[in-house]
Structures are given as structure tokens and as C-alpha cells.
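In what follows, a single structure is set out as C-alpha cells and then discussed.
Below, all heavy atoms of this structure are taken into account, side chains as well, without hydrogens, waters or symmetry copies. Lettering of chains follows the sequences in order, A, B, ..., and the numbering in each one begins at 1. Keep in mind the model is a prediction, meaning the values are calculated, not measured.
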2 protein chains.
Amino acid sequence: MIEQTLPAAVSRSCCPSLTMRPLGQDDAVEFARLLKAVADPTRLRLVSLVAANVSNEACVCDLTEPVGLGQPTVSHHLKILVDAGVLDREKRGVWSYYSIKASTLEKLAAFLSPA
Amino acid sequence: MIEQTLPAAVSRSCCPSLTMRPLGQDDAVEFARLLKAVADPTRLRLVSLVAANVSNEACVCDLTEPVGLGQPTVSHHLKILVDAGVLDREKRGVWSYYSIKASTLEKLAAFLSPA
DNA sequence: ACCACGTATTGACAAATGTCAATGTCTTGG
DNA sequence: CCAAGACATTGACATTTGTCAATACGTGGT
């Protein structure tokens, strides 16, 4: 049986779009989680600060002062961003270096783009 | 005095980008509000349902059943989307017709796009 | 004028969220 | 091995958020 129908979830999950395709419940939940991770002024500034740094990475100590929040709070926000796939974390020695995960932002931008 | 320097706020607010430019506090707050409006599974599905309808508009009565929530709750979500500029509302008779405001989604997608 | 119906608003409440203080974990230097 | 430093985790608390029930508002038909 070579002609096998694909599971419905596969075709539904293919390049989901907010306005160009009917959005399934699963995709809605997934993208809502991703959007929630970015839907905070502090986290937006953290992402921007990471992107603005030379070599496109930053440690927590670089970020605490610019956003004016305590270290635990900044770590908490960074964890949310890493869990959502917006940032990558790499531990080198004592420091944790955070960098932008461009593919996730691309996915998000493509999802929202109405064109 | 023809050569007039533009207010700093103007140049900072020009085509803000999450990863390509340092993000000011005001832009961070503004985009966080916009993202919050979309960062909910129900509201994502509402936007998708509106976009999927013929003539690209829908009234509340079209939306309550698909999302499985009460009419006041759906109205509440739609208000949030309208306030954020994601949807437009047009009252015709007894019905309120909601439609996609593409320019806002474009702005969001451009803001998030890392390219 | 009244009634029916579609929508919006209000009030209430449980759940989630953002922040901090305190503490825990792990790596490096001496 | 110990101390210091960088980061993560936990617990607590006020604020915000998503939902519903009840009610108010506005329009069209009879």
C-alpha cells in the first residue's frame, strides 16, 4: 500500500498561517505559547540587547543593569525565552551566554505575515 | 531654518525592529501590548476564523460556536483585538462585523523578522 | 410602543504572571 | 579543599488575565 494518506495532524501543521489557513487548536496553543514568551516589555528588551551585543551573545551580567531588574528576575525571563525557543543558552565556564535563535523568530514572522 | 533636526522620538520610532536596532522602552511597551493581544489561543483562532470567512468578515454569532465559548467572552476577546488594532469593527444594523486589519499584522511581522 | 434578538458591559473569581528576597548549585582560583 | 562569584531555583505576594453569569444597550419587526 504505497499511497498512504498522511495523518490529519501533519497536513494541518504544515507551515501554519494565522490568516491564510484555518488554524487548528493545537497550532493555536503552540503559537500562543510562543507569542506569550515575547509579549512582555522586559523580554523584548532582553532579546534586543542580546542581538545588539557584539558576537550576538550576552551573559546575565550584561543584561541586569540595562533592564534595571534583579538578577533572579532576569534569569527567570531568560528561561522563559529559552523554553520558547527564542533564545539559545550555552554555558561556558561560570557564565551562561544567550544568543538569538533566528529560526524561531522567522517562524513567528511567517506565521503572522498576512501576505 | 529649513534643515530641522527631527525629534529623537521620531528617529527611534522609525520602523522599529526587535533584532536589528536597539529597542527603546516605549517601543518595547507598545509592541508588548500588541503581542499580548495575540498571545492567546482563543484570540488566534478568532482572528483565523475571521480571515477564513467569505468576504473576510464575521459577526459574533459566527464565532461563538466554533471557539466553544460564551458570547460575552467572545465579545471580550474581540474587544481586545480591536483595541490592539488587529481587527476592525463595523456595526451594520444589529450586527457587528469584524475584519482583519492587515497593516497591524504586517507591522508585527516586520518587527519580529530577523532578516 | 413593545418585544425579540444580537451585542456590549459589569461583577466576580480562579488561574496565571512579574517581581523580589532568600537560598541553592556549580565552576574557578588560591 | 575552601572561598568567591555567576547563575538558577524556590517561596511569597500583588497584579493581571480568562472565563462565566447576570445585566444593560440598541436596533428592527409587528
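For the pair Leu81(B) CG and dG18(D) P, the computed distance is 10 Å after rounding to whole Å. The NZ-P distance, from Lys36(B) to dT15(D), rounds to 16 Å in whole Å. Atom-to-atom, NE2 of His77(A) to C1' of dG18(C) comes out at 6 Å; the value is rounded to the nearest Å. Rounded to an integer number of Å, the gap from CZ of Arg45(B) to C1' of dG18(D) is 16 Å. Asp40(A) has its CG atom 13 Å from the P atom of dT16(D), to the nearest Å. Glu65(B) has its CD atom 15 Å from the P atom of dG6(C), to the nearest Å. Note: CG (Leu63(B)) to P (dT7(C)) measures 9 Å, nearest angstrom. In this structure, CG of Leu87(B) is placed 12 Å from P of dA8(C), rounded to the nearest angstrom.
Taking 4.5 Å as the limit, some side-chain heavy atom of Ile100(A) sits within range of a side-chain heavy atom of Val47(A). Side chains of Lys107(B) and Leu34(B) form a contact here, defined as non-hydrogen atoms less than 4.5 Å apart. Contact annotation: the side chain of Val60(B) approaches that of Gln71(B) to within less than 4.5 Å [non-hydrogen atoms, C-beta and beyond]. Between Pro41(A) and Val29(B), the closest side-chain pair of non-hydrogen atoms falls below 4.5 Å.
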message: Walk along nucleotides 1-10 of chain D from 5' to 3' and tag each nucleotide B, S or - by protein heavy-atom contact under 4.0 Å, base first, then sugar-phosphate.
response: -----SBBB-

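When each of Arg92(A) and Leu69(A) is assigned the nucleotide of DNA chain C bearing its nearest heavy atom, the one mapping closer to the 5' terminus is Leu69(A).
Taking the ring-ring contact (aromatic ring centres under 6.0 Å, His included) definition, one finds that Tyr98(B) meets it with nothing, sequence neighbours left out.
Counting Ile, Leu, Val, Met, Phe, Trp and Tyr side chains that sit under 4.5 Å apart, directly or through other members, Val94(A) shares a hydrophobic cluster with Trp95(A), Tyr97(A).
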